[in-house]
Amino acid sequence: MQELRGALIGCGFFAVNQMHAWNDVEGAGIVAICDRDPERLAIVGDQFGIARRYTDAAQMFADGGFDFVDIATTVQSHRALVELAAQHKVPAICQKPFARTLSDAKAMVAACRAAGIPLMVHENFRWQTPIQAVRKALDAGAIGEPFWGRFSFRSGYDVFSGQPYLAEGERFIIEDLGIHTLDIARYILGDVKSLTARTRRVNPDIKGEDVATILLDHEAGATSIVDVSYATKLGTEPFPETLIELDGTKGTIRLSQGYRLEISNAAGTTITDVSPKLLSWASRPWHNIQESVFAIQKHWAERLRDGGEPSTSGADNLKTFALVEAAYESAASGRPVDIGALLK
Ligand code: NAD
Ligand code: 89V
C-alpha cells in the first residue's frame, strides 16, 4: 500500500491524539509538523520523532512533500489555513469548529471545490463506537421509523483545565460541544428544517453559555431534543458520553451511561455493552473520543485512496454548522430559525 504522507498544523492539546492515531492508520503517516509556538513544536516533534518542523505554515506548503494536511489549530486560523491548502492543491482535514462564521465556512468549501481538493471536517463524534452501534441498529430496522429522539450530553467535567480558551469566548457550549451533539442528531435522524434554542450560563467564571436546550424539526418528520450542559454535577460523571433516546414505530433504543445499549421491539429487549476500545495510547475517560479520532482518520485515508466523499466533508459540515449558527440566533431572538434559509 502506498504511504500517504501528511503534514499537521497546530501541535496543541488535542493534536497529540491525532498524532498517535496517525501512527495507527495503516499506510499513512505524518512527515512534517507546524506550530507557531516553538515550544509546542519541539514537544510534539520530539515525542513523535518528526524531523521536518515549521513555525510558518506558508513555508511548509512552499516546501511541499506531503499528500494531505491535517489542520489541528483553534478556529481563528482555520479559514486562512484551508485556503492555503487550496492554493497549493493539498487535500485538507480541518478541526471543528470548521470556521468562525457560516459565511467563512461556505467560502472554505468553495475554495476547496474550485481547487479540486477533498476537504473533511474532523467531526469525530459520529465515529464513536456507541454512536455507530445506534446507527447500525436503526439501519437494520430494529425500531422501524424513528419519530422522536433525544441527544444528551450533561456533565460537570472540568474541560477548562486542558482547554483554557474555552472559558474565554463569547460562545462556549454550542460552538464547542453542542456542534458534535447536533452533528450526531443529523447523523441519526437526518437533516434539520428548523430549530428553537434556549441557553444560559451557570458557571460565573466563564464568558459563554454552558447550558443549551435545542428543539429540532428533522426533514424526515422526526422531532428531537439536543441538550448539553457543563453545569451538571452527577453522582457518576459521564464525560464524554453522549446519551441517546429514540422512539420508533416498532420499538425504542436507549444508549445510557456506561455505554449500555438497550433495544426493545416485538422480539423483546436486548442489552449490549457498546464500550469503546481502550487504544494503547488512550486514557480514560477520553478513550471514547480517542478511538473516534483513529476511526475518522482511517476513514480519511480510505476516501483519499478511493476518491469517495468523506462522511463529514466540508459540504456536509455546513449543514451541522448552520445548526450552531441557528441555535445562537434562536436563543437571542426567542424564535425558531429556518435552516434552509441559512444554507442558501
Ligand atoms: P490548543 O490551543 O491547545 O492548540 C492549538 C495549537 O495551534 C497551539 O499550539 C497554537 O500555537 C497552534 N496554532 C494556532 N494557530 C496557528 C497557526 N496559524 N499556525 C501554526 N500553529 C498555530 O488547542 P486544542 O485544544 O488542541 O484545540 C485545537 C482544535 O481542536 C480546536 O478547534 C478544538 O475545538 C478542537 N478539538 C477537537 C476535539 C474533538 O474531539 N474533535 C477535542 C478537543 C479539541
Ligand atoms: O470535543 C471537543 O471539542 C472538546 C470537548 C469534548 C472537551 O468539548 O472540546
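In each ligand, atom 1 is the first atom listed, and ligand 1 is the first ligand listed. As a basis for the values below, the full set of heavy atoms in this structure was taken, side chains included, without hydrogen atoms, waters or symmetry mates. Predicted model, so just to flag it, every value in this text is computed and none were measured.
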Novice: Quick check on Ala72 - does any of its heavy atoms sit under 4.0 Å from an atom of ligand 1?
Specialist: yes

Novice: Is the shortest side-chain heavy-atom distance between Phe125 and Lys96 below 4.5 Å?
Specialist: no

Novice: Do Asp63 and Tyr54 have side chains that approach each other closer than 4.5 Å (heavy atoms only, starting at C-beta)?
Specialist: yes

Novice: For atom 10 (C) of ligand 1, state which one of Ile289, Asp37, Asp35 supplies the nearest heavy atom.
Specialist: Asp35

Novice: Given Asp24 and Trp281, is the side-chain hydrogen bond (donor to acceptor under 3.5 Å, both in side chains) satisfied, shown in steps?
Specialist: CA-CA 10 Å; Asp24 285 359; Trp281 47 271; 2.9 Å; yes

Novice: If you take the centroid of each ring, where Trp contributes its six-membered ring, are Phe66 and Phe61 closer together than 6.0 Å?
Specialist: yes

Novice: Who's closest to atom 31 (C) of ligand 1 heavy-atom-wise, of Gln76, Arg36, Lys96?
Specialist: Lys96

Novice: Which one of Asp176, Leu166, Thr181 has a non-hydrogen atom at the shortest distance from atom 9 (O) of ligand 2?
Specialist: Asp176

Novice: With the threshold set at 4.0 Å, does a side-chain nitrogen-carboxylate oxygen contact exist between Asp67 and Arg5?
Specialist: yes

Novice: Please determine which of Tyr328, Tyr230, Tyr165 meets the ring pair (Phe, Tyr, Trp, His ring centres under 6.0 Å) test together with Phe172.
Specialist: Tyr230

Novice: What protein heavy atom sits nearest atom 41 (N) of ligand 1, and how far away is it?
Specialist: Asn124 OD1, 2.7 Å

Novice: When only distance counts, is Trp286 in polar contact with ligand 2, meaning an N/O pair under 3.5 Å?
Specialist: no

Novice: From the options Tyr165, Trp286, Tyr54, select the one whose nearest heavy atom is closest to atom 33 (C) of ligand 1.
Specialist: Tyr165

